[in-house]
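Since this is a predicted model, take the numbers as computed values, not measurements. Sequence positions, counted from 1, serve as the residue numbers for this chain.
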Amino acid sequence: MPDKRSEKPSEEETEEQSGGGPPAVTIAYIAESAGVSIPTVSKVLNGRSGVSDETRARVEGLIRRYGYRKPPKSRSNLVELVFRELESMWAVEIIRGVERAARRNKISVLVSEFGLQDTPTPTRTINDTVGRRPQCVLSVSQLSEEERDQLTAKGIPFVVFDPNEELPDDVPFVGATNWRGGQTATRHLIELGHRRIAMISGPDHPFCLARMAGYTSALTEAGLPVDPDLVLKTFLTREDGCTAARDLLSRPDRPTAVFTANDMQALGVYQAARELGLSIPEDLSVVGFDDVPAVAWADPPLTTVHQPLAEMAVAATELALALGRGEDVPQVGLEIATTLTVRESTAPPKS
């Protein structure tokens, strides 16, 4: 079988330069010929670190051999904010932060909803985004490897906001200090005198696991046992939080406090407590996570870990725009500090 790396690319593997010039070899073809990923070729083209000398030399040799030229930066004056779903209560906070950074940089914002990755016929796809050639893309929660490669191949920088899966080291992201938030929430309950503290956690996404690890750390630090029967995993919805709380609160030795992986689950705990005739915080203390605006109006107002969503969105937008300008950034992964907002849903347990 012939070695494809010794052949010239076919017409299907080239793309026309703007202005009707001769065909230009694509970054994807260079990557395939060198046996490396598209992001690795991008690093070589932009003079970034993280590539071995041998690989860099091989890629540079192919770039010279085929006369590859980076495509002109004819991107629109637009930042595209991509959600998988726009149903989340904290989407407004993210949009507000992106708008703030966009105004400062005199750039427009487009909000897109892709739909979940297993949706049979998504409304929009990454191909639509690539076709618009925005200055940069901010993706809430996730971008698949294929989607990241498509953006990289077209020279469109991106940042993943609050990733819900492990990312390669060179993928830019902005998140929150989830472990510290979980630890702070649990410490607060321990300091109030609670000893049977349950946690309603979420799916095995990195941020949920980090929040649960913070909860476990605080219990261990205080010399309290980590009881696996007091940790339930479910989806991050009010309905699922309610179902889990009914289980916990119907037990003879029910917990005196519950920490949840997000605010929606915490509102579900409120519902279950009302159904069972329990009063918050007299019979049960509750702490959530996120601090979406609505929970300040709950009855009683919810104590929760404040995730600075607007500030995170500003940082993500500025990072993406800096990458688009070709600037060297001190780090491609940022974590913004969480804080505890104490309201009226927590109190010492009954004697």
Side-chain angles (χ1 to χ4, degrees), residues 37-40 42-43 50 80-91 93-94 97-98 111-120 122-127 129-130 136-153 156-182 199-216 231-237 240-241 260-265 289-290 305 307-309 312-313 315-317 319-320 323 331-336 338:
S37 66
I38 290 175
T40 297
S42 180
K43 284 183 179 181
E80 185 158 349
L81 174 60
V82 174
F83 289 89
R84 291 293 171 187
E85 293 183 289
L86 264 171
E87 297 178 356
S88 170
M89 288 184 66
W90 42 264
E93 291 298 300
I94 297 172
V98 174
V111 178
S112 298
E113 183 180 25
F114 278 13
L116 297 175
Q117 287 181 318
D118 56 359
T119 303
T123 306
R124 293 185 176 88
T125 68
I126 198 67
N127 293 326
T129 298
V130 168
C136 57
V137 171
L138 302 181
S139 175
V140 177
S141 294
Q142 60 190 352
L143 278 174
S144 69
E145 182 179 1
E146 181 182 356
E147 290 169 334
R148 297 195 301 265
D149 287 348
Q150 284 182 263
L151 292 171
T152 301
I156 301 173
F158 60 87
V159 172
V160 179
F161 185 96
D162 199 22
N164 63 8
E165 60 183 18
E166 292 294 339
L167 295 170
D169 292 340
D170 59 348
V171 174
F173 74 91
V174 172
T177 53
N178 291 296
W179 183 89
R180 179 65 67 186
M199 180 173 183
I200 300 176
S201 187
D204 286 341
H205 300 321
F207 67 90
C208 290
L209 294 173
R211 293 170 191 181
M212 187 167 66
Y215 156 84
T216 302
V231 178
L232 300 182
K233 290 185 179 182
T234 187
F235 296 105
L236 298 168
T237 67
D240 289 292
T260 64
N262 77 343
D263 289 340
M264 293 300 95
Q265 289 180 335
F289 203 114
D290 282 339
V305 177
Q307 186 171 204
L309 296 170
M312 291 163 62
T317 307
L319 174 59
L323 292 171
Q331 59 190 89
V332 296
L334 302 175
E335 286 192 338
I336 312 297
T338 55

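In this structure the side chain of L167 reaches within 4.5 angstrom of the side chain of V160, judged on heavy atoms. Proximity of I200 to Q265: side-chain heavy atoms (C-beta onward) are separated by under 4.5 Å at one or more points. Taking 4.5 Å as the limit, some side-chain heavy atom of V137 sits within range of a side-chain heavy atom of L151. Counting only heavy atoms from C-beta outward, the side chains of F158 and P172 approach each other to under 4.5 Å. Put simply, the side chain of F235 reaches to within 4.5 Å of the side chain of P203, judged on heavy atoms. Side-chain contact check for D162 versus V140: every heavy-atom pair is 4.5 Å or farther apart.
Between T234 and G241, the shortest heavy-atom distance links the atoms CG2-N, 4.5 Å. G181 and V305 make their closest contact through O-CG2, 3.4 Å (heavy atoms, listed as atom of the first residue, atom of the second, distance). Nearest heavy atom pair, residue P157 against residue A320, reads CG-O, 3.8 Å. The heavy-atom pair separating P163 from F207 by the smallest distance is O-CD2, 3.8 Å. Contact record, F83 with A91: CE2-CB, 3.8 Å, taken as the closest heavy-atom pair.
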inquiry  = side-chain contact (heavy atoms from CB on, under 4.5 Å) for D204 and L209? Distances and angles first, verdict last.
reply    = CA-CA 6 Å; D204 286 341; L209 294 173; 3.5 Å; yes

request  = Would you check, one step at a time, whether the test side-chain contact (heavy atoms from CB on, under 4.5 Å) holds for M312 with I336?
outcome  = CA-CA 6 Å; M312 291 163 62; I336 312 297; 3.6 Å; yes

ask   = For L138 and E80, what are the C-alpha separation, side-chain angles and deciding distance, and is it a side-chain contact (heavy atoms from CB on, under 4.5 Å)?
value = CA-CA 6 Å; L138 302 181; E80 185 158 349; over 6 Å; no

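Listed by chain and residue number, R211 satisfy the salt bridge (Lys or Arg N to Asp or Glu O under 4.0 Å) test with D290 (two or more places apart in sequence, or in another chain). Residues that satisfy the side chain to side chain donor-acceptor pair (under 3.5 Å) test with T216, not counting sequence neighbours, are absent from this structure. Listed by chain and number, the residues in a salt bridge (Lys or Arg N to Asp or Glu O under 4.0 Å) with D240 amount to none (sequence neighbours excluded). Under the side chain to side chain contact (heavy atoms under 4.5 Å, CB included) criterion, E146 pairs with S144, Q150, sequence neighbours left out. Applying the salt bridge (Lys or Arg N to Asp or Glu O under 4.0 Å) rule to E93 yields the partners R96; only residues at least two apart in sequence or on another chain are considered. Partners of A313 under the side chain to side chain contact (heavy atoms under 4.5 Å, CB included) rule, at least two apart in sequence or in another chain, are I94, V98, F161.
Taking NZ of K233 as the start and OG of S201 as the end, the distance is 6.0 Å to the nearest 0.5 Å. For the atom pair Y215 OH and T260 OG1, the distance stands at 12.0 Å (nearest 0.5 Å). Here the CD-OG1 distance, from E147 to T152, works out to 11.5 Å after rounding to the nearest 0.5 Å. For the atom pair SG of C208 and CG of L236, the computed distance is 4.5 Å after rounding to the nearest 0.5 Å. Atom CD in Q331 sits 9.0 Å away from atom CG in L319 (nearest 0.5 Å). In this structure, R148 CZ and S37 OG are separated by 10.0 Å, a value rounded to the nearest 0.5 Å.
For the 3.5 Å distance criterion, the side chains of T338 and Q307 fail to qualify, holding no donor opposite an acceptor. Checking T177 against E335 by side-chain atom types alone, no donor-acceptor pair falls below 3.5 Å.
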